Amino acid sequence: MRLSRYFLPVLKENPAEAQIVSHRYMLRAGMIKQQAAGIYSWLPLGLKVLRRIEQIVHEEQQRAGHIPVLMPTMQPADLWRESGRYDDYGAEMLRIKDRHERDMLFGPTNEEMITDIFRAHVNSYKDLPLTLYQIQWKFRDEVRPRFGVMRGREFLMKDGYNFDLTKDDALHAYNRHMVSYLRTYERMGLTAIPMRAASGPIGGDNTHEFLVLASTGESEVFYDDRVTALKLGNREVDFDNRDEVLGVCNEFTSLYARTDETHDAALFEQIPEAHRRNARGIEVGQIFYFGTKYSEPMGATVVGPDGVRVPVHMGSHGIGVSRLLGAIIEASHDDKGIIWPEGVTPFDVGIVNLKQGDGATDAACEDIYKALKAKGLDPLYDDRDERAGAKFASMDLIGLPWRITVGPRGLANGVVELTSRRSGESEELSAEAAVDRIVHIYAAHR
RNA sequence: CGGAGCGUAGCGCAGCCUGGUAGCGCACCUGCUUCGGGAGCAGGGGGUCGGAGGUUCGAAUCCUCUCGCUCCGACCA
């Protein structure tokens with residue numbers, strides 16, 4: 001993309017309403033625009049990141065064997081009356097009447113609706129296991145939205161639902177989600193620690209939250225810092241292999257890591273002091289096993305091998321997709337702006353033309369731009385008639401992980417400059433070598 | 001929902017207390033000079049002061065109501 005033809009309304013000054021760094025930078029980098037409290041338009045740059053995050057979530061869900069669906073944002077109230085949650089949910093559920101005075105609502109979650117789909121079409125244990133998921137907008141009418149997309153009222157969320165014949169099967173689905181989530185967050189450049197969110201009955205955990213460490217996090221967390229060194233990396237996990245999946249879960253949950261809700265001071269004290277950490281975290285996902293809570297009242301049953309009809313065991317699993325933009329920025333920025341991890345960056349590399357209008361410089365930038373595009377990469381070429389300082393400041397703000405700087409001075413020596421946004425380190429090399437390096441870097445992330 | 005603030009040009013703000021022709025910086029437009037980290041000079045465009053009532057000769061300014069947004073608390077993916 002040529003910046004002169006793009007829509008990137010960056011702000012030099014901080015908008016007054018933004019309190020935390022991710023909100024400030026998202027507004028300043030022209031990623032979002034607030035339309036009402038907790039409700040945002042996604043401008044081109046923000047939308048690109050949102051789509052990349054969605055794409056990673058889709059890929060990792062499907063790798064784990066989960067199947068995408070799409071349910072409406074508007075739901076009939078009757079489904080919620082069946083589960084009893086229409087009255088329980090409270091004022092956070094946005095209730096609407098249509099022209100026929102029918103009670104509708106803007107879905108805050110989808111357990112009822114997915115259960116309705118399931119019971120309409122699935123009758124036999126032979127159709128299990130089944131995990132359906134969607135990425136869809138939700139609405140929760142928070143009393144006090146704040147922090148930009150971190151706590152909006154309208155938000156994009158991946159919600160998945162597993163249906164299994166037995167509790168054991170459902171717990172495997174739970175474990176499968178944990179592993180796929182670990183991989184999902186890693187691809188986004190995040191360290192998200194699964195933390196026990198509430199103690200289950202004896203011997204069984206039934207919910208974990210995934211937290212990204214950040215000083216602005218809403219949750220206080222306690223953990224053994226050796227947990228942050230654990231990496232899934234490129235290892236291939238067979239999601240149908242229960243022992244293997246369970247092994248990974250044990251690896252990532254055996255060290256102490258809990259939110260303040262489930263914190264156990266006595267257990268915490270057993271961690272060697274050098275590894276004990278008390279910090280704050282942003283919740284970016286949660287997995288639940290809840291058994292027959294919805295299947296029973298709503299009649300989601302299958303006939304088992306023994307001919308007996310039984311309610312299915314379910315769980316639900318969420319990833320806060322739009323919130324992740326905020327979480328990533330909170331975890332990865334400096335005083336000049338955002339620092340995108342390669343996995344989610346809106347553009348792969350920025351090209352800064354230091355002397356727009358100079359024949360040789362323009363030509364060199366064009367060559368680099370076209371070469372990168374020919375390699376399937378997505379460069380942002382700053383071809384505006386701006387001074388070098390303004391271009392650098394914009395690039396630093398929007399946070400592309402790599403920058404190729406092209407100016408007459410370097411070109412006279414046959415070199416351009418390749419700069420890492422993260423480290424700030426620059427290297428002079430030929431244009432061809434710079435392109436090769438970028439290609440090589442991104443090969444590892446695709 | 002309890003408490004506290006703020007709404008004046010696209011953004012950030014002053015002016016309000018003590019009523020009297022609506023200002024500053026950035027951004028935007030034109031010209032010249034600049035040109036490797038948010039340039040300089042000169043000129044220019046843009047605002048029914050959130051909205052509605054009221055007081056007054058006169059309201060951004062005082063009073064009442066209302067809408068919106070933000071912050072602290074409770075709540076929360």
Side-chain angles (χ1 to χ4, degrees), chain A residues 9-20 23-24 27-28 30 33-39 57 89-93 107-111 135-160 181 192 197 207-212 217-219 259 261 281-288 316-327 335-337 352-358 361 382 384-398 403-413 415-417 419 424 426 428:
Chain A
V10 300
L11 304 173
K12 209 177 208 176
E13 289 172 276
N14 279 322
E17 73 266 25
Q19 300 301 311
I20 62 168
H23 192 192
R24 279 206 301 273
L27 290 167
R28 284 194 52 203
K33 178 180 185 320
Q34 179 166 314
Q35 305 291 173
I39 299 176
V57 173
Y89 214 92
E92 287 191 353
M93 186 156 73
T109 177
N110 283 67
E111 280 83 4
I135 298 177
Q136 176 63 295
W137 294 93
K138 310 286 193 295
F139 194 93
R140 292 183 194 173
D141 199 359
E142 299 285 343
V143 186
R144 191 184 160 207
R146 56 183 136 172
F147 302 151
V149 299
M150 295 262 285
R151 198 172 311 166
R153 290 192 292 172
E154 187 180 59
F155 56 98
L156 189 62
M157 180 178 171
K158 171 263 162 181
D159 47 323
Y181 277 27
T207 178
H208 278 83
E209 293 179 338
F210 289 77
L211 286 110
V212 172
E218 72 275 57
S219 309
T259 65
E261 292 170 335
I282 301 166
E283 193 193 326
V284 293
Q286 186 158 13
I287 54 179
F288 296 91
S316 74
H317 318 277
I319 293 178
V321 173
S322 49
R323 156 177 273 218
L324 270 167
L325 275 87
D335 58 0
K336 290 185 288 193
V352 170
N353 183 336
L354 289 176
K355 192 164 188 181
Q356 206 70 42
D358 177 87
T361 312
D382 190 345
R384 295 173 304 166
D385 189 16
E386 290 284 347
R387 300 163 63 88
K391 292 189 177 188
F392 287 140
S394 292
M395 279 294 173
D396 288 344
L397 174 63
I398 69 172
R403 184 182 83 208
I404 298 174
T405 309
V406 183
R409 200 188 289 170
L411 286 180
N413 298 318
V415 296
V416 298
E417 201 172 82
T419 306
S426 288
E428 292 196 331

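What you see below is based on every heavy atom in this structure, not just the backbone, and it leaves out hydrogens, waters and symmetry mates. Lettering follows sequence order; numbering is per chain, from 1. Quantities reported herein were computed from a predicted structural model and do not represent experimental measurements.
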Can you tell me how far [atom2] of [Y] sits from [atom1] of [X], rounded to the nearest 0.5 angstrom?
X: Asp385(A); Y: Asn353(A); atom1: CG; atom2: CG; value: 9.5 Å
X: Ile282(A); Y: Ile20(A); atom1: CD1; atom2: CD1; value: 7.0 Å
X: Lys158(A); Y: His317(A); atom1: NZ; atom2: NE2; value: 6.5 Å
X: Thr259(A); Y: Glu283(A); atom1: OG1; atom2: CD; value: 8.5 Å

Strictly by Watson-Crick or wobble contacts shorter than 3.5 Å, is anything paired with [N], and which nucleotide is it?
N: A77(B); answer: none
N: C24(B); answer: G12(B)
N: G7(B); answer: C67(B)
N: G43(B); answer: C29(B)
N: G2(B); answer: C72(B)
N: A59(B); answer: none

Identify whether any heavy atom of [X] sits under 4.0 Å from a base atom; if not, whether one sits that close to sugar-phosphate; answer base, sugar-phosphate or nothing.
X: Ser394(A); value: base
X: Gly152(A); value: base
X: Ala91(A); value: nothing
X: Ala393(A); value: base
X: Gly407(A); value: base
X: Asp159(A); value: nothing
X: Gln34(A); value: sugar-phosphate
X: Gly90(A); value: nothing

Just how far, in rounded Å, is [atom2] of [N] from [atom1] of [X]?
X: Arg153(A); N: C75(B); atom1: CZ; atom2: C1'; value: 15 Å
X: Ile20(A); N: C72(B); atom1: CD1; atom2: P; value: 10 Å
X: Glu17(A); N: G7(B); atom1: CD; atom2: P; value: 14 Å
X: Asp385(A); N: G36(B); atom1: CG; atom2: P; value: 13 Å
X: Glu142(A); N: U70(B); atom1: CD; atom2: C1'; value: 16 Å
X: Arg409(A); N: G36(B); atom1: CZ; atom2: C1'; value: 5 Å
X: Glu386(A); N: A27(B); atom1: CD; atom2: C1'; value: 11 Å
X: Phe288(A); N: C76(B); atom1: CZ; atom2: P; value: 11 Å

Determine the interatomic distance between [atom1] on [N] and the same-named atom on [M]; round to the nearest Å.
N: A9(B); M: C24(B); atom1: P; result: 14 Å
N: G38(B); M: C72(B); atom1: P; result: 34 Å
N: C32(B); M: C6(B); atom1: P; result: 47 Å
N: C62(B); M: G46(B); atom1: C1'; result: 30 Å
N: A39(B); M: C49(B); atom1: P; result: 35 Å
N: A27(B); M: G44(B); atom1: C1'; result: 14 Å
N: A22(B); M: C16(B); atom1: C1'; result: 12 Å
N: C1(B); M: U56(B); atom1: P; result: 36 Å

Check your understanding: Just to confirm, is there a sub-4.0 Å distance from OP1 or OP2 of A27(B) to any side-chain nitrogen or oxygen of Lys12(A)?
Key -> yes

Check your understanding: Is the phosphate of A39(B), meaning OP1 or OP2, less than 4.0 Å from a side-chain N or O of Arg387(A)?
Key -> yes

When only distance counts, do a donor and an acceptor, one from the side chain of [X] and one from the base of [N], lie under 3.5 Å apart?
X: Arg403(A); N: G37(B); answer: yes
X: Arg146(A); N: U70(B); answer: no
X: Arg151(A); N: C76(B); answer: yes
X: Arg28(A); N: G38(B); answer: yes

To the side chain of [X], which of [options] is closest?
X: Phe392(A); options: G37(B), A77(B), A74(B); value: G37(B)
X: Asp396(A); options: C76(B), A77(B), G37(B); value: G37(B)
X: Glu13(A); options: A77(B), G36(B), C11(B); value: C11(B)
X: Gln19(A); options: G37(B), U70(B), C76(B); value: U70(B)

Check your understanding: Can you name the residues that form a side-chain hydrogen bond (donor to acceptor under 3.5 Å, both in side chains) with Ser316(A), not counting sequence neighbours?
Key -> Glu111(A)

Exercise for review: Check for a donor-acceptor pair, side chain of Arg153(A) on one end and backbone N or O of Ala37(A) on the other, with a separation under 3.5 Å.
Suggested key: yes

Practice item. Mind running side-chain contact (heavy atoms from CB on, under 4.5 Å) on Arg403(A) and Glu417(A) for me, showing each step along the way? Key: CA-CA 8 Å; Arg403(A) 184 182 83 208; Glu417(A) 201 172 82; 4.1 Å; yes

Check your understanding: Do Arg323(A) and Glu218(A) sit within salt-bridge range, that is, some charged N less than 4.0 Å from a carboxylate O?
Key -> yes

Exercise for review: Please step through side-chain contact (heavy atoms from CB on, under 4.5 Å) for the pair Leu397(A) and Arg28(A), ending with a clear verdict.
Suggested key: CA-CA 8 Å; Leu397(A) 174 63; Arg28(A) 284 194 52 203; 4.1 Å; yes

Revision key, fill the gap. Of Pro408(A) and Ile319(A), the one whose nearest nucleotide on RNA chain B sits closer to the 5' end is Pro408(A)

Review point. Which residue, Met157(A) or Glu417(A), contacts RNA chain B at a nucleotide closer to its 5' end, judged by nearest heavy atom?
Key: Glu417(A)

